[in-house]
Protein chains: 2
Amino acid sequence: MQLCCKSTNPLVNLQKKAEEMIRYRGERITPGRIHTLAMLLSERRAVTHHEIEERLKGEHRFDRVTLYRVLEWLNEKGFVHRLVNADRVWRFRANIHEYSQPHAHFECLRCTKVVCLDDFEAAHDFELPAGYRSREIELTVKGLCAECT
Amino acid sequence: MQLCCKSTNPLVNLQKKAEEMIRYRGERITPGRIHTLAMLLSERRAVTHHEIEERLKGEHRFDRVTLYRVLEWLNEKGFVHRLVNADRVWRFRANIHEYSQPHAHFECLRCTKVVCLDDFEAAHDFELPAGYRSREIELTVKGLCAECT
DNA sequence: TGTGGATTTGCAACAGAGTTGCATTTACTA
DNA sequence: TAGTAAATGCAACTCTGTTGCAAATCCACA
């Protein structure tokens, strides 16, 4: 299990990688998409819109609305996924490695940090009410992270 | 497994029950608390602030801020718990039956309705990163409810 | 039963995350 | 390279929830 492991590649390589990922799908390449996806590829934690905005401020000027739309687009196209925790703020994370593979999240009750627990197996069959159909299972372990213990 | 099973008791009895519950803990009785808790006791689904407001409109006039504060108080005191789903809106549910007992939630991807799956057993031990401590496990099954299938 | 004082309530104003409309700019196709 | 559909920037907006403060209410105690 690995947490928050920054890629060893320089960010430039990730920008190339992001560009390739988008081009491969036949979608339009824009600076917003490249920079945002590259940033998310470099980060294994799920990060907020605000955090992304702060981090991209240096290399590329961005309107916040544009960033919202880029994130929504990346989510729609399956490049990233998003989740919401107790502070009711969207958090985004690249889908690389595990396209559509379910995994659990850990949420720190004190600092509200969210990390992904990749080796979760969604092997549990749930008995649902009649007529209900399960599509995905989201599991969040809440507690205290190492810094907050 | 039961879903959204309205109590067979008339609402008046639930108001008495709510009052007893609060009095038993030595807390102050107010109309807001009684009506809100009674309403939540009658409902097994997790409901939003807005839904509660609508439903209480007839019997008791309420300021929305007061309702927010009542809900926060009920949550703090352990009479209800709250959860947030993909629409980033708090949902509240009475804790009766299962004080502090973990259970899963089902969230409909189309109508965003949330129901509680009571017979979930949080028997899964998770391998957490070093220094991390688990306090509770939240499990959400996402899919389509009977009406939306 | 009446009263003092801490709690709760109502109102207004605010805060933060996210959305919408629209004119301008950009990426890509032909 | 030009035309066009898509993406961007800006301003204004919505929606959920919060804060400050004066007025009303609850309840312990006399």
Side-chain angles (χ1 to χ4, degrees), chain A residues 15-16 18-39 46-57 59-77 79-92 112 114, chain B residues 15 18-38 46-57 59-77 79-92 112 114:
Chain A
Q15 285 179 13
K16 276 184 192 158
E19 190 173 332
E20 273 164 30
M21 286 170 71
I22 296 171
R23 194 185 304 281
Y24 181 75
R25 295 272 205 93
E27 301 288 350
R28 281 176 82 153
I29 313 288
T30 71
R33 293 175 180 173
I34 303 297
H35 284 90
T36 306
L37 183 51
M39 192 253 125
V47 287
T48 64
H49 171 276
H50 186 66
E51 289 172 307
I52 300 169
E53 201 181 9
E54 282 301 307
R55 211 139 341 156
L56 292 183
K57 199 168 271 177
E59 41 187 315
H60 191 76
R61 169 137 177 44
F62 261 109
D63 186 70
R64 45 187 289 282
V65 176
T66 303
L67 183 53
Y68 273 117
R69 291 198 263 233
V70 164
L71 288 168
E72 194 186 336
W73 183 90
L74 289 170
N75 180 56
E76 234 169 51
K77 297 295 175 182
F79 294 111
V80 307
H81 66 276
R82 61 184 193 174
L83 54 128
V84 59
N85 74 349
D87 61 8
R88 308 186 320 113
V89 176
W90 286 117
R91 282 176 166 73
F92 298 84
T112 75
V114 174
Chain B
Q15 284 178 15
E19 190 174 332
E20 274 166 29
M21 285 170 70
I22 296 172
R23 194 185 304 281
Y24 181 75
R25 295 272 206 90
E27 302 288 349
R28 282 176 83 150
I29 313 288
T30 71
R33 291 175 182 175
I34 304 296
H35 284 90
T36 306
L37 184 51
V47 288
T48 63
H49 171 276
H50 186 66
E51 289 173 306
I52 299 169
E53 201 181 8
E54 282 302 306
R55 214 146 330 163
L56 292 184
K57 198 166 273 177
E59 42 186 316
H60 192 76
R61 169 139 175 40
F62 260 109
D63 186 69
R64 46 186 289 282
V65 176
T66 303
L67 182 52
Y68 273 117
R69 291 197 263 230
V70 165
L71 288 168
E72 194 187 335
W73 183 89
L74 289 171
N75 179 56
E76 235 168 49
K77 298 296 177 183
F79 294 111
V80 307
H81 66 276
R82 61 182 193 174
L83 53 130
V84 58
N85 74 349
D87 62 8
R88 309 187 319 115
V89 176
W90 285 117
R91 283 175 165 72
F92 298 84
T112 74
V114 174

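By convention in this document, chain letters (A, B, ...) are assigned in the order of the sequence lines, proteins followed by strands, and residues within each chain are numbered from 1.
For dA7(D), its base never sits under 3.5 Å from the side chain of R28(A) at any donor and acceptor pair. Counting atom types as modelled, R88(B) pairs no side-chain N or O with a base atom of dG18(C) as donor and acceptor under 3.5 Å.
Across A18(B) and I34(B), no two heavy atoms sit closer than the pair CB-O, 3.8 Å.
Not counting sequence neighbours, E20(A) has no partner by the salt bridge (charged side-chain N to carboxylate O under 4.0 Å, His left out) test. Residues satisfying the side chain to side chain donor-acceptor pair (under 3.5 Å) test with R23(A), not counting sequence neighbours, are E19(A). Residues that satisfy the ring pair (Phe, Tyr, Trp, His ring centres under 6.0 Å) test with H60(B), not counting sequence neighbours, are H35(B), F62(B).
Legend: side-chain hydrogen bond (donor to acceptor under 3.5 Å, both in side chains) pairs involving residues 82-92 of chain B, not counting sequence neighbours, sorted by first then second residue: N85(B)-R91(B), D87(B)-R91(B). Applying the salt bridge (Lys or Arg N to Asp or Glu O under 4.0 Å) test to every pair with at least one member in residues 62-72 of chain B, sequence neighbours left out, gives no pairs at all.
In this structure, H49(B) atom NE2 and dT14(D) atom P are separated by 19 Å, rounded to whole Å. Rounded to whole angstrom, the span from the CD atom of E53(A) across to the C1' atom of dG16(C) amounts to 12 Å. At whole-Å resolution of the value, CZ in R33(B) and P in dT8(C) are 4 Å apart.
Residue T30(A) places no side-chain N or O under 4.0 Å from the OP1 or OP2 atom of dA27(C). Taking only side-chain nitrogens and oxygens, Y68(A) comes nearer than 4.0 Å to OP1 or OP2 of dG18(C).
Distance from the side chain of W90(A) is smallest for dG18(C) among the nucleotides dG18(C), dT8(D), dG17(D).
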Restricting to nitrogen or oxygen on both sides, can you table the protein-nucleotides 20-22 of chain C pairs closer than 3.5 Å?
from, atom 1, to, atom 2, distance (Å)
dG21(C), O6, R69(A), NH2, 3.1

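Between R23(A) and H60(B), the residue anchored nearer the 5' end of DNA chain C, judged by the nucleotide with its closest heavy atom, is H60(B).
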